[in-house]
Amino acid sequence: MPLTSRPLRKLGFLTIGLFDEADPRRGHESTLELIELGERLGFDSAWVRHRHLQYGISSPTAVLAAASQRTSRIELGTAVIPLGWENPLRLAEDLATVDILSGGRLNPGVSVGPPMHYERVKDALYPDTADREDFGYERVRRLLDFVRGAPATDFSGTEGFETFSDRVQPHSPGLGGRMWYGGGSLRSARWAGEHGMNFLTSSVVKAEESEDFAEIQLSHIRAFRAHHPDGERARVSQGLVVIPTDSASPEQRAKYEAYARARAPRTATPQGPARMMFAPDLVGTSAEIAERLHSHAAFREVDEVAFALPFTFEHEDYVQILTDIATELGPALGRRPAV
């Protein structure tokens with residue numbers, strides 16, 4: 001088995017946090033319970049996806065604020081917040097607040113681009129400025145500036161009985177170094193590196209210079225580090241879908257394999273006008289998955305992962321998968337449990 005050039009240092013997981021429209025509390029409780037379980041199992045980080053006008057987590061900062069009060073060690077991340085839906089100044093306030101509440105455990109991941117189905121939602125989201133909004137990297141830069149303590153106004157001091165700050169409050173000094181960019185293109189990788197962010201690379205990339213997923217992802221990681229002030233020490237986390245079956249029941253194994261088969265056709269060639277490439281879901285024993293990961297060119301370049309949980313499984317399935325990742329797959333990848 002080929003050895004990874006970077007020993008696995010941080011083991012994380014990512015969940016979408018689905019819920020039933022008729023009982024949204026149950027779904028949110030399930031997400032919080034999985035994060036608590038992740039801490040007990042020794043995971044280093046738990047990440048939540050962001051979904052608007054769907055039956056998933058629409059407010060990850062609120063969910064992670066709750067998670068921060070039910071955990072004490074595990075890092076809490078967003079993968080990712082699409083900034084097209086956000087005001088950077090207000091988001092900076094929310095992120096700093098949750099980071100303070102968590103004791104400095106927040107890892108905000110963000111991305112750029114117009115909101116999904118923008119033509120249908122723009123009148124509700126930006127009724128007066130829809131055609132003037134900038135959904136590019138400048139929106140991320142503004143957020144970074146506010147999080148890192150740049151002035152948001154030219155006024156500070158006392159007015160009457162109130163005291164005002166010229167920068168976002170609360171200010172969390174370490175948060176600026178824990179900002180992540182979720183990117184799937186060379187341009188995004190370079191931009192994130194140039195601006196001193198960390199880099200989230202997932203199971204979706206843009207086929208620009210190749211149609212081999214691992215080769216594309218490897219090129220993004222290397223481009224990011226080549227443009228980052230920290231060079232080879234710059235943080236990258238890989239987020240593939242892994243489904244270990246070590247303790248799964250026969251029924252669970254059959255469901256997992258059917259899930260992966262149904263999604264496999266999209267991994268063969270680039271999809272759509274943007275030429276997006278999808279990584280295959282990795283289903284099997286932890287030993288089998290570890291062997292496939294060790295042969296993955298991009299995995300060999302990272303020492304952090306946030307394995308993605310499948311979208312539509314049951315809570316009990318996620319418990320089994322997380323338990324196997326922590327107790328079987330992590331050790332098979334050479335990772336020591338967090339304490």
Side-chain angles (χ1 to χ4, degrees), residues 2-10 12 14 45 47 77-84 107-114 134-145 147-148 176-241 266-267 269-280 292-308:
L3 295 177
T4 173
S5 60
R6 297 173 181 265
L8 187 60
R9 183 172 57 88
K10 285 185 176 286
L14 167 66
S45 62
W47 303 72
T78 62
V80 289
I81 296 174
L83 289 188
N107 284 261
V110 300
S111 65
V112 299
D134 178 5
F135 298 121
Y137 296 119
E138 175 63 15
R139 216 174 184 93
V140 189
R141 190 199 59 74
R142 288 169 55 205
L143 176 66
L144 288 176
D145 284 350
V147 166
R148 292 170 176 171
R178 283 179 271 112
M179 298 294 295
W180 295 75
Y181 188 88
S185 69
L186 278 170
R187 184 185 177 205
S188 291
R190 294 185 187 116
W191 192 94
E194 290 167 352
H195 289 78
M197 300 186 75
N198 308 302
F199 190 57
L200 291 166
T201 179
S202 69
S203 56
V204 186
V205 296
K206 185 176 290 187
E208 296 168 300
E209 71 282 12
S210 169
E211 292 188 6
D212 180 285
F213 181 92
E215 287 183 2
I216 297 168
Q217 195 168 62
L218 176 62
S219 73
H220 294 173
I221 294 170
R222 290 182 172 173
F224 165 72
R225 288 187 167 134
H227 289 80
H228 197 288
D230 293 339
E232 289 300 305
R233 294 181 292 108
R235 294 179 66 185
V236 178
S237 180
Q238 185 190 48
L240 303 179
V241 177
R266 69 178 189 162
T267 69
T269 57
Q271 303 293 300
R275 291 178 54 79
M276 305 308 294
M277 289 290 297
F278 293 83
R292 292 180 67 181
L293 287 172
H294 280 304
S295 66
H296 194 290
F299 177 80
R300 294 201 299 269
E301 294 280 313
V302 304
D303 62 3
E304 301 186 42
V305 294
F307 290 133

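Sequential numbering from 1 along the given sequence is applied to the chain's residues. Just the heavy atoms: all of them, side chains too, but no hydrogens, waters or symmetry mates, feed the values below.
- Contact annotation: the side chain of Arg275 approaches that of Glu211 to within less than 4.5 Å [non-hydrogen atoms, C-beta and beyond].
- A donor-acceptor pair is defined here as one N or O able to donate and one able to accept, closer than 3.5 Å; no such pair exists between the side chain of His195 and the backbone of Met197.
- Annotation: the span from Glu301 atom CD to Ser219 atom OG amounts to 11.0 Å, rounded to 0.5 Å.
- The structure places OG of Ser45 at 10.5 Å from CZ of Phe307, a figure rounded to the nearest 0.5 Å.
- Residues Gln217 and Ala298 approach most closely at OE1-CB, 3.3 Å, considering heavy atoms.
- Remark: side-chain polar atoms of Glu232 are not paired, donor with acceptor, to backbone N or O of Asp230 under 3.5 angstrom.
- Here the shortest heavy-atom pairing between Pro270 and Ala207 reads CG-CB, 3.9 Å.
- Side-chain contact between Tyr181 and Val112 is present, with at least one heavy-atom pair separated by less than 4.5 Å.
- Across Glu215 and Ser210, no two heavy atoms sit closer than the pair OE1-OG, 3.2 Å.
- Distance CE/Met277 to OG1/Thr267: 7.0 Å, rounded to 0.5 Å.
- Other residues, nucleotides and ligands place no more than 12 heavy atoms under 6.0 Å from the CZ atom of Arg187.
- Between the side chain of Arg190 and the backbone N or O of Phe224, no donor-acceptor pair lies under 3.5 Å.
- Residue Val80 comes nearest to Pro82 through the heavy atom pair O-CD, 3.3 Å, listed as atom of the first residue, atom of the second, then distance.
- In this structure, CZ in Arg139 is found 10.0 Å from CG in Leu143, a value given to the nearest 0.5 Å.
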List the steps, then state whether side-chain contact (heavy atoms from CB on, under 4.5 Å) holds for Arg235 with Trp180. CA-CA 9 Å; Arg235 294 179 66 185; Trp180 295 75; 3.4 Å; yes
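- When side chains are defined from C-beta on, Phe199 counts as touching His220, because their heavy atoms get closer than 4.5 Å.
- Using a 4.5 Å heavy-atom cutoff, the side chains of Leu240 and Leu293 are in contact.
- Closest heavy-atom contact between Ala214 and Ala297: CB-N, 4.1 Å.
- Only one option out of Val147, Val140, Asn107 pairs with Met179 in a side chain to side chain contact (heavy atoms under 4.5 Å, CB included); it is Val147.
- Checking side-chain atoms of Glu208 against main-chain N and O of Leu186 turns up a donor-acceptor pair under 3.5 Å.
- Shown here for Ala306 and Ser237, the closest heavy-atom pair between the two residues is N-OG, 3.5 Å.
- At distances below 3.5 Å, not a single donor-acceptor pair connects side-chain atoms of Asn198 with backbone N or O atoms of Val236.
- Remark: Met276 CE to Lys206 NZ distance equals 6.0 Å, nearest 0.5 Å.
- A distance of 6.5 Å separates OG of Ser111 from CG of Leu83, quoted to the nearest 0.5 Å.
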